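Report on the following structure.
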Amino acid sequence: MRAVLTDAAYGRGPARDGAVNVEYVSANPTGPMHVGHGRGAVFGDALASLLVFTGHAVTREYYINDAGAQVDVLARSAFLRYREALGEVIGDIPEGLYPGDYLKPVGQALASEWGDRLRSKPEAEWLPIVRAKAIAMMMDEIKGDLAALNIHHDVFFSERSLIEDGNNKVAETIDFLRAKGDIYEGRLPPPKGKPVEDYEDREQSLFRATAYGDDVDRPLIKSDGSYTYFASDIANHKSKFDRGFADLIDVFGADHGGYVKRMQAAVKAVTAGKATLDVKIVQLVRLLRNGEPVKMSKRSGDFVTLREVVDEVGRDAVRFMMLYRKNDAVLDFDLAKVIEQSRDNPVFYVQYGHARGHSIFRRAREVVPDLPAEDSARREYLSRGPLERLTEPEELDLLRRLALYPRMLEGAATTHEPHRIAFYLYDLASEFHALWTKGGTELPHLRFISDHDASLTKARLGMVQAVVSVLASGLAILGVHAPDEMR
RNA sequence: GCGCCCGUAGCUCAGCUGGAUAGAGCACCAGACUUCGAAUCUGGGGGUCGGAGGUUCAACUCCUUCCGGGCGCGCCA
């Protein structure tokens with residue numbers, strides 16, 4: 001108890017060896033983020049903060065998929081907007097291109113930068129130019145979306161940089177694996193499930209993923225000679241290992257579920273088993289309003305953007321609610337509920353607990369006039385109080401809950417489950433609210449502030465302070481504000 | 001067909017990595033405001049933890065199998 005008060009780092013873990021790399025978001029730079037991306041972003045960010053808090057050296061990484069066919073589609077879509085910006089009537093966006101309005105600014109930027117000089121060039125010439133511009137602008141947009149959630153990465157790692165001329169890491173990685181005997185030329189059985197139209201049985205370079213626990217071996221080179229996404233992702237993970245990370249965490253969306261085994265197999269092969277990869281799959285988010293599914297957005301083309309949601313309900317609600325669920329369970333996110341100020345809404349409930357504590361401090365000056373207003377001074381002051389006078393069973397229950405905090409964090413960190421923090425905070429707030437009300441009603445001797453016993457008041461304020469500190473600490477890890485008042 | 005995830009109270013979900021009578025919110029019923037913010041709290045009813053086997057002194061938790069739902073399943077990322 002005294003430790004909670006005196007130790008500003010209560011719950012922190014000891015510094016540990018080894019560096020952890022958390023890769024999250026990694027949304028394709030082809031448009032604005034949607035709420036599914038947002039969940040992965042919040043999850044990854046909170047997990048990274050949790051690991052930092054428990055003593056790990058953490059790098060937050062974003063892998064930019066800027067090399068595949070989808071960015072060429074992006075470029076062609078942007079080129080259409082460019083011609084539109086020059087005054088052409090482009091009509092409906094053709095099937096296969098991105099229809100969203102968000103590419104209009106890219107077209108306009110290209111028009112003002114290049115005039116009509118791109119229009120007459122052959123695609124081979126304009127495509128790299130348009131592509132680079134579009135990717136840059138999309139990444140700016142994504143970074144803006146992330147900033148609205150207070151999410152920032154240490155490293156933005158470009159897939160394209162892996163295949164640069166003269167420094168082709170993908171080729172290096174393939175050579176590396178080939179030298180180990182992990183690559184062979186062979187054929188794959190046709191895929192099960194829904195038929196693939198242009199299936200063609202051919203001999204190809206296959207990674208021996210089955211030797212490392214995967215179900216089938218995986219192709220690395222397409223028939224046109226370019227690398228598969230998987231090939232560059234192996235190089236991506238090898239790069240992490242080469243940069244000194246032995247603890248790798250990937251946060252993927254639900255649609256990447258089938259990708260886990262092959263990626264873990266690849267990491268095993270490429271690091272000789274010296275690195276571990278944990279892949280956290282973040283399940284879908286169902287956006288609701290009062291229980292009804294939310295309509296699609298015009299701006300994005302076909303989905304509700306993350307920014308629209310954040311703008312509507314606020315950063316704290318988005319962050320907390322996305323962490324108030326196990327990552328591998330589908331999440332219902334109700335836009336109406338998360339801004340309610342009631343017990344239905346855990347965000348509010350926990351924040352209110354924190355605010356209520358501060359409310360008690362404000363009122364307490366009538367009994368303890370020299371109670372410092374500043375947080376660390378107040379902690380220091382209260383840590384010298386007669387804490388041994390906290391003897392009521394309800395108080396001891398609360399103290400036990402506080403004592404659980406470090407162990408809870410440790411468990412959350414080792415299992416990579418930040419949602420445990422959110423649930424713990426909810427429980428702590430609940431116990432605190434209950435004790436508060438008891439003091440106000442049926443058991444007046446439990447009131448935190450005793451007008452005739454300044455000593456006891458100090459001890460109890462110490463307890464309140466401990467609750468406030470732990471709530472603030474946990475909320476900080478989740479990236480949610482801990483307000484002093486909420487009137 | 002295969003892989004991964006989910007299945008716990010009417011509804012939405014926790015369950016501390018096997019440990020004591022399975023918890024919370026909503027909803028329903030009954031209560032508490034001359035209170036340190038009632039934006040809160042107290043009590044009650046309600047569950048064969050999807051089914052069936054197995055491992056164990058002990059299973060919501062681990063294994064097998066079936067049922068139901070979601071996601072994914074060559075050179076898309």
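Basis for what follows: all heavy atoms, side chains included, without hydrogens, waters or symmetry-related copies. Note that the structure is a prediction, hence the values are computed from the model and not measured.
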Looking at A:F43, I'd like to know if the NZ or CZ of A:K280 sits under 6.0 Å from its six-membered ring centre while staying within 45 degrees of the ring's axis. no

Find the partner of B:G23: check Watson-Crick (N1-N3 plus N6-O4 or O6-N4) and G-U wobble (N1-O2, O6-N3) distances, both under 3.5 Å, and reply none if neither fits. B:C13

Using side-chain heavy atoms (C-beta onward) and a distance below 4.5 Å, is A:L248 in contact with A:T276? no

Taking 4.0 Å as the cut-off, does a side-chain nitrogen or oxygen of A:H433 come that near to OP1 or OP2 on B:U42? no

Between B:C36, B:G74, B:C71, spot the one nearest the side chain of A:L188, thanks. B:G74

NA contact type, A:H419, heavy-atom cut-off 4.0 Å: base, sugar-phosphate, or nothing? sugar-phosphate

Ignoring the backbone of A:T437, work out which of B:C13, B:C41, B:A77 is nearest its side chain. B:C41

Rounded distance in Å - CZ (A:F423) to C1' (B:G25): 10 Å

Check for me whether the distance between the ring centres of A:Y62 and A:Y24 falls short of 6.0 Å. no

Quick one: look up who B:C73 pairs with, Watson-Crick or G-U, both distances under 3.5 Å, and put none if it's unpaired. B:G1

Using 30° and 60° as the class limits, which term best fits the ring planes of A:F448 and A:F432: parallel, tilted or perpendicular? parallel

Would you mind classifying the nucleic acid contact of A:T228 as base, sugar-phosphate or nothing, using non-hydrogen atoms under 4.0 angstrom? sugar-phosphate

Pair assignment for B:G45, Watson-Crick or G-U wobble, requiring both distances under 3.5 Å: none

Write down the distance separating the P atoms in B:C62 and B:G15, rounded off to the nearest Å. 12 Å

B:U64 -> Watson-Crick or G-U wobble partner, both distances under 3.5 Å, gives B:A52

Mind checking if A:F348 touches a base, just sugar-phosphate, or nothing, with heavy atoms under 4.0 Å? base

Identify, between A:A364 and A:D217, the residue whose nearest nucleotide on RNA chain B lies closer to the 5' end. A:A364

